[in-house]
Every structure is written in C-alpha cells, then in structure tokens.
Amino acid sequence: MEKVIIYQVFTRLYGNRNTTRQENGTIEENGCGKMADFSSEVLKDIAQTGVSHIWYTGIIRHATTTDYTTYGIPRQHSAVVKGKAGSPYAIADYYDVDPDLAVNVSQRMQELEQLVERTHEAGLKMIIDFVPNHVARQYHSVCKPQGVKDLGEDDDPNCGFDPVNNNFYYCPGQRLVPYFDLYHGEEEPYIEEPAKATGNDHFNNAPGKNDWYETVKLNYGVDYYAGGIGHFEPIPDTWKKMTDILLFWASKGIDAFRCDMAEMVPAEFWSYATTIVKKKYKNIVFIGEVYNPYEYRHYIASGFDWLYDKVGMYDTMRSVICHHAPASAISGAWQQTDDIRDHMLYFLENHDEQRIASDFFAADAVKGIPAMIASLLMQQNPFMLYAGEEYGEQGMDKEGFSGNDGRTTIFDYWSIDTLCRAAEKKLTAKEKQLFDIHKRTMQIARKEKAVREGVFFDLMYVNGQLERQYVFLRQAGHDLLLVAVNFDDYAVAIDVNIPAHAIEYLKVKEGTYTATDLLTKEKEEITLKADNEVRLTLDARGGCVLKMKV
C-alpha cells in the first residue's frame with residue numbers, strides 16, 4: 001500500500017528564474033516558467049523528497065492578455081481576463097495546452113507529451129486540472145479533434161435554459177453590463193449579447209467585482225431559473241462533451257484529475273463520467289474540490305477517490321497553529337470523516353489558501369511544522385504540499401491583480417522567491433532546516449509500514465492535560481510509532497498517558513523498548529505499561545516520531 005503525497009506546482013511560476021517582478025508585468029518583463037523546466041533531474045529530485053504525485057496546475061489553455069494570434073490562437077479581450085497572465089480556471093480551449101508553458105508554442109502539445117513521459121520516468125504520477133463548472137467568456141476551441149462540436153456551437157441563445165441542447169445559460173434580450181470598464185484599455189469594447197450566466201452561479205447580465213466575471217457557467221441540465229431542478233434524461237449534451245474531454249486527456253497518460261469546484265456540478269454527471277473514464281482507464285484517479293461536508297459521501301459514491309478536507313481538517317489545523325483552538329480539536333476533525341478517512345486529502349497550503357508564513361496566517365513557517373508532521377503521519381490518506389511551502393514561502397508579494405493577500409498569485413506573471421533561491425542554492429539556514437524536516441517527514445510517511453498501512457490510535461482522549469500538544473500511535477506488525485507534536489512556542493516536557501485499551505487493541509507486549517526518533521535518529525528507552533505515563537521532551541513547534549520494535 002502506498003502513502004500518496006501530492007506536490008502541487010503552479011507550472012507558470014515554478015521554473016521562472018526572472019527576478020524582475022514588475023507589478024502587473026507582462027510575460028516579456030517578468031518571464032514565465034515552462035514545462036521544459038521540469039527536466040528529468042528536477043523531477044528526480046522532487047521524487048526523492050518522498051513525493052508520489054505531481055499536480056501541474058494550469059496546463060490547459062486559459063484566457064490571457066498575451067497575444068498568440070500568430071500561432072492561430074484567438075486573442076482574448078482584456079476586459080474579461082483577470083491579470084496579465086489570466087486565471088488558469090478560465091479555460092479558453094479544453095483541447096489545448098497553455099502556450100505560455102511552451103518553449104516552442106507550435107509544439108506545445110508535444111512538449112506536454114514529453115512532460116508526461118519524463119514525469120513517469122521519474123516514478124511520479126501526473127495530475128492536471130479539469131475545470132468542469134465554467135469556461136472563459138470567449139471560449140473557443142481551435143484544437144478540438146475533427147468531428148467534435150464546440151461548446152455552445154449549437155446553443156439557442158434565445159432560450160435561457162435548455163436541459164438537453166444548450167451548453168450555456170443565457171439572459172435573452174440582455175447585453176452583458178458588468179461593473180467593470182468594457183474597454184479596459186482596448187479600442188473596441190467587449191460585447192456579449194445575450195449575456196451568459198457567470199461561473200459562480202450568477203444568473204443575470206450584471207456580474208459584480210467579487211463574481212467570477214471572467215467565466216461563464218456550463219449547463220449540466222440543472223434549471224437554476226426554476227430553483228435548481230435537475231433534468232438528466234435524456235443525457236444533457238454537456239455531459240457527453242465534458243466526458244470526451246476527460247477521455248482525451250486520459251489518453252495522453254494523465255494519471256489523475258483535480259476537479260475544480262466539483263460540487264458545483266451535479267453528482268449525477270460525475271457518476272456518468274467517472275464510470276465511463278474508469279472503464280477505459282482503470283487506474284485513473286479523480287480528486288474533488290468539495291467544501292460541503294454533507295456532500296462528501298455523495299461525491300465519493302459518484303466516483304471520486306479523494307476529496308479536499310478543507311472545512312474540517314485544514315480549518316482545524318489552521319486554528320490550532322494560530323492558538324485559536326486546542327490541539328484536541330484535531331481529534332474532532334478526523335472523527336467527522338472517520339468512515340471515509342482514506343478518501344480525505346489533507347493539506348496546509350494550496351493556490352487558494354494563504355501561505356503559512358504570510359502575515360495573514362502564522363507569519364512564520366516554523367509554526368506549521370507540528371501540523372505538517374501530524375497531517376502526514378496520523379492516517380493513511382493522501383497529503384498535499386504546495387511548492388514553496390517546504391521553504392517557508394511568504395506569499396507577501398504585491399504581484400498585480402491579486403494584490404498583497406498572503407497567497408501566491410494565479411493571475412500574474414511572477415517568480416517565487418524561495419524557489420529561485422533554492423535553485424541557486426542560496427537558501428537561508430532556517431529555510432534549509434524547514435526543507436529538511438519536510439523531506440524527512442515525507443520520507444517517513446512513504447517508507448514506514450506503520451504509516452502506509454498501519455492502525456491509528458489517538459491518545460488525546462486520555463491526555464486532557466495537553467492543550468498545545470497532539471499525540472497518537474501508529475502500528476503495523478511489530479512496528480510501533482509514538483508520535484507527538486508541540487504547537488507551543490517554547491520547548492516542553494510532557495507526560496503522555498498510554499491507556500490499557502491501546503496496549504490491548506494494538507496487542508503490544510508491556511516492557512521497556514529502545515525507541516529511535518526517526519526525525520533525529522536519537523535513541524531513548526521507553527517503558528510501555530497499561531495506564532502508565534511516558535515522559536517526552538519536545539522542541540518549540542517541533543515533534544518526535546519514536547519507533548519501537550514491540
């Protein structure tokens with residue numbers, strides 16, 4: 001059994017070594033990372049840290065202000081593009097590779113195929129985004145296979161909702177009149193008539209500043225004008241077109257799809273699509289961005305393998321890191337999804353969330369270390385790391401459209417400070433230590449049988465005295481791990497009660513054992529007895545992973 005560790009890279013940013021970092025800069029000013037930056041050597045280094053899967057964010061062509069018309073790619077009006085680079089979630093052609101990422105734009109699909117090959121040669125599985133809920137306002141596929149009809153090609157725009165034939169929702173007789181300037185520096189205004197519904201379920205012709213105004217909603221047979229009634233027989237045309245897109249990318253050797261805002265698309269579609277795709281590609285994995293805990297089991301039943309554990313585990317870990325909740329809250333978080341625990345994807349950062357080291361979160365990446373150790377080691381389920389997190393990237397740049405919000409931009413041409421300095425071997429001592437503990441913990445998670453397939457036993461229910469520490473056991477065969485992490489800002493010595501139930505449940509023979517801390521390689525003697533205490537010393541914002549042969 002494998003412990004899955006996903007490394008999310010924002011492909012456009014990851015390999016960019018241009019440090020100009022001009023606010024609102026163009027691709028010529030600020031540069032852009034390429035698929036070619038993921039050389040065999042780079043991918044081998046990523047794999048050696050313990051990563052099993054790499055998620056290349058932003059592979060499929062999306063709306064941008066950069067002009068690629070000389071390559072036959074339609075130009076996008078800047079009024080309906082966020083930032084100079086554009087959002088990777090405003091897809092402009094589902095069958096195309098983003099030209100920003102290619103060294104030779106006319107060979108961009110071949111470069112993608114070579115990236116798939118290199119990724120697999122490094123022993124990694126490859127994840128890309130599938131964005132099913134919405135597309136760019138000016139979506140138009142120029143790379144679709146012969147015989148494939150474009151989204152909206154046969155739509156009747158005079159019909160607000162058609163359950164079978166229309167791919168979009170319309171506002172008949174109404175022109176788009178959003179809050180923003182329709183010229184946006186261009187000679188001609190952006191005109192859309194009739195207006196299409198906006199991606200975040202905004203069903204009129206005037207999306208606001210906080211709406212996903214650069215996108216339009218896809219129609220999966222749900223009549224939102226009549227309160228959300230589903231019409232799924234006969235099969236809506238959108239279902240067929242989107243399933244064909246999944247099959248197209250699966251044929252390229254993609255191992256998994258991270259499905260953007262999956263819960264905004266009806267579960268009935270996912271049952272239909274995942275059944276078809278998995279029948280042809282048996283090992284393909286679907287990862288769902290689902291935020292409503294009441295829908296988790298519904299979407300798992302519809303074919304999803306892993307779901308974001310954002311509202312439960314992420315939010316809890318963030319509160320514990322910031323001392324807004326006791327460490328015992330972690331127990332409550334995993335218990336909420338215990339029946340589906342192998343399907344829950346844990347993470348502490350991704351492109352949507354603020355960096356741990358940002359002023360908006362913990363202001364110091366070290367404060368995330370205990371949460372990282374616990375998230376990686378407490379269950380068998382997958383864990384995700386966002387590129388730069390392992391070095392303590394702050395996300396405090398004012399890049400352009402996104403502003404200074406504690407996140408790494410997804411809208412602008414930019415480069416990531418820590419990744420640039422890591423490539424040049426110019427990391428600070430603190431950044432090197434952060435990387436080292438991330439790497440060691442990930443390797444423990446991947447190598448140790450007790451983590452990969454062992455039993456998890458939470459010790460918090462008999463250790464109510466612990467407010468800022470979290471302790472648990474993992475066990476497989478004769479391997480027993482005692483894991484403790486410290487969320488306090490100072491070193492502590494704690495007495496951890498080992499209940500009789502743990503001794504019985506894990507079938508551990510009482511006695512004194514030599515324990516090796518897998519994080520430091522230091523050894524100590526540990527006496528395990530029913531309802532007895534074990535004294536542990538923990539560094540500030542640190543932890544220990546004590547391995548015993550029992």
Side-chain angles (χ1 to χ4, degrees), residues 60 89-95 130-176 192-205 207 212 215-250 257 259-280 286 288 290 295 298-299 301-304:
I60 300 176
Y89 297 103
I91 299 296
D93 187 344
Y94 278 118
Y95 288 101
F130 175 60
V131 188
N133 176 68
H134 49 269
V135 294
R137 286 248 169 227
Q138 292 181 295
Y139 181 91
H140 174 57
S141 178
V142 294
C143 291
K144 63 186 188 298
Q146 199 169 0
V148 171
K149 289 207 168 185
D150 212 2
L151 286 166
E153 187 174 326
D154 292 334
D155 278 16
D156 177 2
N158 296 311
C159 183
F161 168 73
D162 184 303
V164 179
N165 299 313
N166 278 11
N167 298 133
F168 300 118
Y169 297 90
Y170 296 90
C171 304
Q174 300 178 64
R175 180 177 285 195
L176 183 73
E192 183 178 296
E193 188 173 356
K196 300 183 186 80
T198 300
N200 61 319
D201 294 356
H202 187 100
F203 292 95
N204 66 36
N205 67 326
W212 304 346
T215 69
V216 290
K217 175 85 172 178
L218 282 170
N219 167 20
Y220 285 84
V222 179
D223 188 354
Y224 292 97
Y225 298 118
I229 298 169
H231 300 269
F232 305 140
E233 290 183 15
I235 298 295
D237 181 67
T238 306
W239 288 26
K240 298 170 186 175
K241 283 178 176 165
M242 299 305 279
T243 303
D244 285 343
I245 290 160
L246 286 164
L247 290 167
F248 171 82
W249 289 105
F257 295 103
C259 301
D260 184 69
M261 297 309 297
E263 70 181 320
M264 295 183 78
V265 173
E268 290 82 356
F269 161 74
W270 292 115
S271 294
Y272 170 87
T274 59
T275 298
I276 291 170
V277 177
K278 288 185 176 187
K279 187 174 181 180
K280 190 166 185 180
F286 284 83
V290 177
E295 291 292 334
H298 197 188
Y299 279 84
S302 301
F304 279 95

Next on the checklist: Please evaluate residues Tyr139 and Asp150 with respect to the criterion side chain to side chain contact (heavy atoms under 4.5 Å, CB included), reporting the C-alpha separation (whole Å), side-chain torsions for both, the decisive distance (0.1 Å), and the verdict.
Outcome noted: CA-CA 9 Å; Tyr139 181 91; Asp150 212 2; 3.2 Å; yes
Next on the checklist: side chain to side chain contact (heavy atoms under 4.5 Å, CB included) for Thr274 and Phe304? Distances and angles first, verdict last.
Outcome noted: CA-CA 8 Å; Thr274 59; Phe304 279 95; 5.5 Å; no
Item to check | Verdict with reasoning, Met242 to Leu218, per side chain to side chain contact (heavy atoms under 4.5 Å, CB included) | outcome: CA-CA 10 Å; Met242 299 305 279; Leu218 282 170; 3.8 Å; yes
Checklist entry - Checking side chain to side chain contact (heavy atoms under 4.5 Å, CB included) for the pair Asp154/Asn165: CA distance, chi angles, key distance, verdict? => result CA-CA 7 Å; Asp154 292 334; Asn165 299 313; over 6 Å; no
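With Asp237 contributing its side chain and Val164 its backbone, the two residues share no donor-acceptor pair below 3.5 Å. Put simply, the side chain of Trp270 gets close to the backbone of Ala262: a donor and an acceptor are under 3.5 Å apart. One N or O on the side chain of Asn133 and one on the backbone of Gly199 form a donor-acceptor pair closer than 3.5 Å.
Summarising the geometry, atom NE2 belonging to His231 is positioned 5.0 Å from atom CZ belonging to Phe161; distances are rounded to the nearest 0.5 Å. Atoms CG and NZ, on Leu246 and Lys280 in that order, are 12.5 Å from each other to the nearest 0.5 Å. With values rounded to the nearest 0.5 angstrom, Lys149 atom NZ is found 12.5 Å from Lys240 atom NZ. A distance of 11.5 Å separates CD of Gln174 from CD of Glu192, quoted to the nearest 0.5 Å.
Centroid-to-centroid, the aromatic rings of Phe203 and Tyr169 come within less than 6.0 Å.
Closest heavy-atom contact between Asp156 and Asn166: N-OD1, 2.9 Å. Residue Cys259 comes nearest to Phe286 through the heavy atom pair SG-CD2, 3.8 Å, listed as atom of the first residue, atom of the second, then distance. Among all heavy-atom pairs drawn from Tyr225 and Ala197, the shortest one is OH-CB, 4.5 Å. Minimum heavy-atom separation, Pro157 to Tyr170: O-CB, 3.6 Å. Of all heavy-atom pairs spanning Ala136 and Ala90, the tightest one is CB-O, 3.5 Å. The two residues Gly173 and Pro194 make their nearest non-hydrogen contact at N-CB, 4.0 Å.
Residues His202 and Lys217 have side chains not in contact (no heavy-atom distance under 4.5 Å, counting atoms from C-beta outward). Between Ile91 and His134, every side-chain heavy-atom pair lies at or beyond the 4.5 Å cut-off. The shortest side-chain heavy-atom distance between Leu176 and Cys171 does not fall under the 4.5 Å cut-off. At least one side-chain heavy atom of Phe269 sits under 4.5 Å from a side-chain heavy atom of Thr243.
Between Lys144 and the options Tyr95, Tyr94, Phe248, a side-chain contact (heavy atoms from CB on, under 4.5 Å) holds for only Tyr95. Each of Asn167, Thr215, Val216, Asp93 was compared with Val135 under the side-chain contact (heavy atoms from CB on, under 4.5 Å) criterion, and only Val216 meets it.
Partners of Lys196 under the salt bridge (charged side-chain N to carboxylate O under 4.0 Å, His left out) rule, at least two apart in sequence or in another chain, do not exist in this structure.
The aromatic rings of Phe130 and Phe257 sit perpendicular, their planes meeting at an angle over 60°, well past the 30° parallel limit.
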